[in-house]
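The structure appears below as C-alpha cells.
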Amino acid sequence: MAGVNPELEKLAKQDYKYGFVTDIEEDRVAPGLTEDVVRLISSKKNEPEWLLEYRLKAYRRFREMLQEEESHPEWAKVSYPRIDYDDIVYYSAPKQQKKIESLDDLDPELRETYDKLGISLLEQKRLNGIAVDAVFDSVSVATTFKAELEKHGIIFCSFSEAVENHPDLVKKYLGSVVPYSDNFFACLNAAVFSDGSFAYIPKGVRCPMELSTYFRINAAGTGQFERTLLIADDDAYVSYLEGCTAPQRDENQLHAAVVELVALDRAEIKYSTVQNWYPGDENGVGGIYNFVTKRGACRGHKSKISWTQVETGSAITWKYPSCLLIGDESVGEFYSVAMTNNKQQADTGTKMIHIGKNTSSTIISKGISAGHGDQSYRGLVRMGPKAHGARNYSQCDSLLMGDKCGAHTFPYLEASNPTATLEHEATTSKISDDQLFFCRQRGISEEDAISMIVNGFCKEVLRELPMEFAVEAQNLLSVSLEGAVG
Amino acid sequence: MSAFVDAIARAREGLSDRALETPSATLSTRLATLRNEGLAAFDEQGLPNRRDERWKGTNTAKLADLPLDCVGPGVDFDEAVLDELFVADFEADLLFVDGRTVRSSADRDELPKGVLVLSLEEAAAEIPDLVAEKLGALVDLKTDALAALNAGLFEDVAVVSIASNTRPGRAIRILSLSTSAPEASRASFARLLVVAGSGSEAMVVLESATVGQAPGFASIVSEFHVAENAKLISAEIQSGSAERVQVSQIHAALERDARFASNVLCLSEGLVRSEVDATMNAPGGRVGMNGLFLGRGDSHHDHFTTAEHAAPHCESDEEYRGILADSSAGVFRGRVLVRPDAQKTDARQSNPNLLLSEGASIDTKPQLEIYADDVKASHGSTIGQLDEEALFFLRARGIDEATARLVLTRGFAQTFVDGLSDESTRALVADRLDEALTALETAPGEPSA
C-alpha cells in the first residue's frame, strides 16, 4: 500500500541528517587495548594514583573476561560478529592548544558541529536555560552555565574536572552502583573511560535548570567510553538530559558507556535520553553498537529515580537502565520508546530490584519495529524477601510494521515476598486498518496518519520527556518511521 | 561426573536389545534409531543446567546428585499395592509402572469403539507402522537433553489410537506410577503416544503418581498427534513425594482445523519440570493450555510452555495459575512463538500467581517472540496475595480465618477446574485439588493475615 506512495519513498530514503564528519585535528592513541594504553589514558588526564589502580583492576578483569566464554554477553537477542577489542582506538580527543577559558575560545569548527546538530551552546545558554556539557569523541569540551550553577552549590562539570577538583566525591561514588566487574562492557568502560559528565546536587537544592550532555562520536575507528556520575544528596532534585549523534560511516563503532545515579534521602533524579546514534544504512552496513550500562541506586528513604528514553538510533542497542530500590518507600520508573527500522536490532528494557519496604516501580515500554528491524523488551522485576508491600506495574506494547520485522517480549518477574504485588501486561499488534482508514477518510495523508498513530502509541512515554526533547523525539520518530509501512 | 550421570552410564552397560525386537522390521529399526540417537544426543548435551536459559529458574543439582540404585522397571509389581494408594479411585485403561505396562486394555473389553489402548508389545502386533511413523516424531533430541535420555532408555510405550470420526464418549485413562525404595532408588522412563484420527473427539487423562518416599526420578514424554478437524483434550495430574524429581514433557502437533487442549494440575511435593509444547502446523489450529500448580513444603515446580504458531489463522489461549505456600518455589516460562507468515495469529497468555506465605517465591517469564506483523498477541502476569477485603468480608460473617483463606484460595483455583469439559475428569481433578488445599491450610507456619 505504501510502496507506491512517492512521498513515503522519499521519506524512507531520507538520509541520516546528522551524518557529517567534522574535520578537526585530534589527539589519538594507537588502536589496541594494553595496560600501556590504560596507563596512557590515565596520565593524559593527570589522574591520581587510586584512579589508575581502579582502571588497571578493571583492565585485568576484562582480560580475564575475554578468555572466559561465559563472560561474553551473548544471551541478548541480537547478533553481531565478535568485536576485536584490539582494533579499537580507545582514546581520541580534539586537539586543543590551550585550556579554554570561556566558550568563545572553543575551536570554531567544533562549534560549527554543534550548530549543525542544532545545539548551539550559546543559543542554548541564552534561550533554553539548559546547562549543557558536550562530549566530543571521548573528551568533554564545554560546560555551559557553570557559574550560574555554582551559585546553588551544584557541581556540574566534565568527569576529568571532577576527578581533579572533587576527588573525594568521585572516589566515594565511582563504581558504587556499577562495580567494575559488573558486566563485560561495564568492565571495559571502567578500564578505558575517557570522560563524561559529573553532577552533584547538594542537600536540599532543587536544580534550577535542566542539566544536559550531548555526545558525539566523530573520529573513525574509535570507540566512545564515557562515564556519567550523578549524585543527588538529601532532598535534592535534578533533571538530566542526554542526547547522542554520530557521523555516517560504513564500519561499526562501539559505544560502551556507564551511567551511575545515586539518590539519597527524599532525592529525585529524572534522567532522559534521546539516543540517535547513526543506525547504519538500509542494508545494515555501519552504525553504532550501543552497549550501555545505566543504573541508579535509590539509597535513601523515599528517593526516586526516573528513566525516560527514546531510542531511535544505533545499529544494535543493548541497554537496561535499572533501579536498585534500596531505601524504604523509594520509587523507580522506566519509560521507553524504542524504534528499529531497516536492519537495526535492539534488546532493551530495565531492571527493578526491590530491596526496601514499600518500594514501588512502574515500567512503560513501547516498541516499534519496522523493515527488517528486530527488537526485544527484556526486563527484570525482582521483589526480595524483605521488600514488604512492594508494588510493580509493567506494561510493554509492541507495534509491528511490515512482515519482515520481529518484536519480542521477555519479562522476568521474580517475587519472594508474599506481600509483594506485581502486574505485567504486554501486547503486540499492528496499526489497524480501521484506524488508518478513519484518518485517510478525513483527508489526512497516509504518512501523517501513521505518524499520528505512532505518536499516540508512544504518548505515555513522550509526555514524560522535558519539552525540548519531546519535540525532538516526535520528529525523530516520524523521520525514522515513515515509509516503513507496507 | 554427577551421581545421576554415573547411574545412567551403569544402566547403559546392562541395556539389552530385547526391547528393540518386534515382529515388525520397520518398528524395530525405528526403536533402535531412537535409542542410539537419544543416547548420543544426551552424551553430547549432558544434564541441563542454569546456564541454559530454558532452565534458568531451576537448580538441577538436586537431579544431578540423586542417589540412584537402579534404572528402568523392576521385576514385579503387586497390583494389590494399588488399593492402598490414593489413586485407587482412578480406573485406568492402562497401568504403567516404572515405564512398563502392567495392565492394558487387552485385558478388558470396556473400551469405547474405535479406541485402542495398547502396550508397545501389543501395538507392535496390531499397528506397527503407525507407531514407527509417529513415535518420537515431535521431539527434538538435539536440543533437549532430558527428552534424549528418555528416547534412549524407555522400554515401553502406552499407545492410544483414536480412529477417524469417532467420539469415545468417555475419557481414556492412563495411570503411571513410579516406585522407589530406600535400598533401590529408581529412575524410570515412561512414554505415551496418542494418535487422534481426523474428525475424532477424545480426551486422555494421565495421572502420574509416586509410590514410596525414597528419592527417585521419573520421566514421561507424551506425544499427541492431532489430525485434521480432530479435537483432543489432555489432562495430566502430577503428584509426587518430596524427594522425587519428576519430568513431564508433552508435545503436540496440530493439522488443519485441529484443536488441542492441555490441562496440567501439578500437586507434587518434590521437584517437577513440566513442559507443554504445541505446534500449529496448518491454518485453523487452536491450542488451549491450562495449568494449575500448587506448591507446598519445599516443592519446586517449573512449568515451561511453548505455543508455536507455524501457520496463519491459528489461535492459542493459555492460562497457568500458581499457588505457592510454605517455602515452595514456582517457575513459569510461557513462550508464544509466531513464525514468519503466521499472519492473523491470535495469541493470549496469562499467569496469575498467589503467594501465600513468607518464604514462598515465584519466578515468572511470559514471553512473546513474534516474526509476523498481522497478529494479536498479549500476555499478562500478576503476583499477589489473598485480598484483605475479601477476607474481611468473610470474617465479618463469622467464618474463621483458615476457612476464609481456603474459600478464597479455592476460588482462585476454580477457574482451572471449570475449564475441564468432561464431568468425571472435573470431579476427579476437584477431588485431588481439594485434598491438597485442605492439607495446605491446616499446615503449620501459616502467616496471620
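The analysis underlying the following values was restricted to heavy atoms, covering all of them including side chains, and did not include hydrogens, waters or symmetry mates.
A cation-pi arrangement, defined by a distance under 6.0 Å to the six-membered ring centre and an angle within 45 degrees of its axis, is absent between B/R321 and B/F416. Stacking of B/R273 on the aromatic ring of B/W55 is recorded, both the 6.0 Å distance cut-off and the 45° axial limit being met.
For B/Q343, the part lying near chain A is the side chain, with the backbone staying farther off; criterion is any non-hydrogen pair under 4.5 Å. Only the backbone of A/A420 comes within contact range of chain B, judged by heavy atoms closer than 4.5 Å. Residue contact with chain B, scored on non-hydrogen atoms closer than 4.5 Å, is absent for A/H372. Contact annotation for A/D374: only side-chain heavy atoms (C-beta onward) come within less than 4.5 Å of a heavy atom of chain B. Looking at B/R51, only its side chain comes within 4.5 Å of chain A, counting heavy atoms on both sides. Residue B/E53 touches chain A through its side chain alone, counting heavy-atom pairs closer than 4.5 Å. Of the two parts of B/P340, neither the backbone nor the side chain holds a non-hydrogen atom closer than 4.5 Å to a non-hydrogen atom of chain A. Using a 4.5 Å cut-off between heavy atoms, A/K404 does not touch chain B at all.
With chain B as partner, the option from A/T427, A/L399, A/D397, A/V381 having the largest number of non-hydrogen pairs under 4.5 angstrom is A/T427. Between chain A and the residues B/P352, B/P366, B/G384, B/A360, the largest count of heavy-atom pairs under 4.5 Å involves B/P366. Across B/L337, B/L355, B/T364, B/T382, the residue that shares the most heavy-atom pairs under 4.5 angstrom with chain A is B/T364. Among A/L400, A/L380, A/T428, the residue with the largest count of heavy-atom pairs under 4.5 Å with chain B is A/T428. Interface summary for chain A: among B/L354, B/I383, B/T345, B/V331, the most heavy-atom pairs under 4.5 angstrom belong to B/I383. Annotation: maximal heavy-atom pairing with chain B below 4.5 Å, among A/A407, A/S369, A/S429, occurs at A/A407.
Other residues, nucleotides and ligands contribute more than 12 heavy atoms inside 6.0 Å of the NZ atom of A/K77. More than 12 heavy atoms of other residues, nucleotides or ligands shown are found within 6.0 angstrom of CZ on B/R348. Within a 6.0 Å sphere centred on CG of B/D341, heavy atoms belonging to other residues, nucleotides or ligands number 12 at most.
In this structure, B/E318 contributes its side chain and B/T306 its backbone to no donor-acceptor pair below 3.5 Å.
Salt bridge annotation for B/D326-B/R296: absent, with no cationic side-chain nitrogen under 4.0 angstrom from a carboxylate oxygen. Ion pairing of B/E401 with B/R395 is present here, as a side-chain N (NZ or NE/NH1/NH2) and a carboxylate O approach within less than 4.0 Å.
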- request: Just do the salt bridge (Lys or Arg N to Asp or Glu O under 4.0 Å) check on A/E68 and A/R61 with the steps written out, would you?
  value: CA-CA 10 Å; A/E68 295 164 5; A/R61 176 72 193 113; 3.4 Å; yes
